[in-house]
Amino acid sequence: MSETLTLEAEARDRAGKGASRALRRAGRVPAVIYGDKQEPVGIHVEERVLNKMLQTGHFMNSVVEIATGGKTIRTLPRDVQFNPVTDRPIHVDFLRIGANSAVTVSVPVRFVDEAKSPGIKKGGVLSWVRHEVEVSCPADAIPDDLVCSLAGVEIGESIHISKFQLPAGVKPVIADRDFTVATISAPTVAQADEAAPAEGE
């Protein structure tokens, strides 16, 4: 399960572009907390701390507990806007989540047991169709990744979502079909071309 992150924040007294620019010059990032049938709350967080969380690679599918105004608000990051020139974060949207909330998140997929795949042993290549799968799950049980074994998979076979062992309470958002996540493709054409005689030989 993804770890719960903790982020200190301060309330935003003023809104608008001028106020946001002033916060960014001070090393802060404007943000908003919304959802759960409550009024949005404007906050700002320390850019340095936010960057550390962004670098973990799983910020967007982690519960973030925001400490502000003497209370803690459980949230899920929904959007991070970046400066197109400097790539610095300039605004974050957090979705407020209740104690028993179900959330929709994109979770990375991971394959194991490549050495046990006859197709890969014959030179086949794992071709990814999806690197992430959107799932619905309890807010306090978001998986770090979805794992699938490649044991026994041959060249030409597709790996569907049904082959993944999903944790309890985790369901793919696409529920009307057994969609493909990856395939084992035949060796590349380039390898076959190397064995072909050159023109004129």
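Every heavy atom of this structure was used, including side-chain atoms; hydrogens, water molecules and symmetry mates were not. Bear in mind that the values here come from a model prediction, so they are computed numbers and not experimental data.
- If you chain together hydrophobic residues whose side chains sit under 4.5 Å apart, Leu150 and Leu166 fall into the same group.
- Counting heavy atoms from C-beta on, the side chains of His91 and Val32 come closer than 4.5 Å.
- Taken to the nearest 0.5 Å, the CG atom of Leu23 stands 9.5 Å off from the CZ atom of Arg25.
- Ala139 and Ile97 get closest at one heavy-atom pair: CB-CD1, 3.5 Å.
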Original post:
Does the pair Val133 and Phe164 meet the rule for a side chain to side chain contact (heavy atoms under 4.5 Å, CB included), with working shown?
Top reply: CA-CA 11 Å; Val133 170; Phe164 285 75; over 6 Å; no
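- Asp113 contributes no side-chain N or O that, together with a main-chain N or O of Lys116, makes up a donor-acceptor pair within less than 3.5 Å.
- Put simply, the side chain of Leu50 reaches to within 4.5 Å of the side chain of Phe59, judged on heavy atoms.
- Panel note: side chain Thr75, backbone Val64; a donor-acceptor pair is recorded below 3.5 Å.
- Summarising the geometry, atom CG belonging to Leu5 is positioned 10.5 Å from atom CD1 belonging to Ile66; distances are rounded to the nearest 0.5 Å.
- You'll find the side chain of Phe179 reaches within 4.5 Å of the side chain of Pro172, heavy atoms only.
- Side chain of Arg110 to backbone of Asp145: no donor-acceptor contact under 3.5 angstrom is found.
- A distance of 3.5 Å separates NE2 in His160 from OG1 in Thr180, rounded to the nearest 0.5 Å.
- Side-chain atoms of Val109 and Arg130, non-hydrogen and from C-beta on, never get closer than 4.5 Å to each other.
- Between Ser20 and His44 there is no side-chain heavy-atom pair separated by less than 4.5 Å.
- The line from CD of Glu134 to OG1 of Thr104 is 6.0 Å long, rounded to the nearest 0.5 Å.
- A pairwise comparison of heavy atoms in Val80 and Pro89 identifies CG1-CB, 4.2 Å as the closest pair.
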**OP:** Applying side chain to side chain contact (heavy atoms under 4.5 Å, CB included), run through Arg78 and Val105 and close with a yes or a no.
**Re:** CA-CA 9 Å; Arg78 270 308 185 217; Val105 292; 4.3 Å; yes
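- Linking ILVMFWY residues whenever their side-chain heavy atoms come closer than 4.5 Å, directly or via other members, places Ile174 and Val103 in the same cluster.
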**OP:** Tell me, with the steps shown, if Ile155 and Lys122 meet side chain to side chain contact (heavy atoms under 4.5 Å, CB included).
**Re:** CA-CA 8 Å; Ile155 289 175; Lys122 296 171 186 173; 4.0 Å; yes
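- Side chain of Ser117 to main chain of Val153: a donor-acceptor pair is present (N/O by atom type, distance under 3.5 Å, no hydrogens or angles).
- Inter-residue side-chain proximity for Phe82 and Leu54 is flagged as met; some heavy-atom pair is nearer than 4.5 Å.
- No chain of hydrophobic side-chain contacts below 4.5 Å, direct or via other Ile, Leu, Val, Met, Phe, Trp or Tyr residues, connects Ile142 to Val173.
- Lys52 NZ to Glu46 CD: the interatomic distance, rounded to the nearest 0.5 Å, is 8.5 Å.
- Of all heavy-atom pairs spanning Cys137 and Val170, the tightest one is CB-CG2, 3.8 Å.
- At least one side-chain heavy atom of Arg96 sits less than 4.5 Å from a side-chain heavy atom of Val41.
- Note: Leu76 CG to Asn61 CG = 8.0 Å, rounded to the nearest 0.5 Å.
- In the hydrophobic clustering of this structure, Trp128 groups with Val107; members are Ile, Leu, Val, Met, Phe, Trp, Tyr whose side-chain heavy atoms approach within less than 4.5 Å, directly or through other members.
- Contact annotation: the side chain of Leu126 approaches that of Ile159 to within less than 4.5 Å [non-hydrogen atoms, C-beta and beyond].
- Under the 4.5 Å side-chain heavy-atom criterion for Ile, Leu, Val, Met, Phe, Trp and Tyr, Val63 and Ile33 are members of distinct hydrophobic clusters.
- In plain terms, the two heavy atoms of Lys163 and Ser149 that are nearest each other are CE-O, 3.1 Å.
- A salt bridge is defined here as a Lys NZ or Arg NE, NH1 or NH2 lying under 4.0 Å from an Asp or Glu carboxylate O, and Arg24 with Glu47 fails to meet this definition.
- Here the closest heavy-atom approach between residue Thr183 and residue Ser158 is recorded as CG2-OG, 3.4 Å.
- Smallest separation of non-hydrogen atoms from Gln81 and Asp79: CG-OD2, 3.5 Å.
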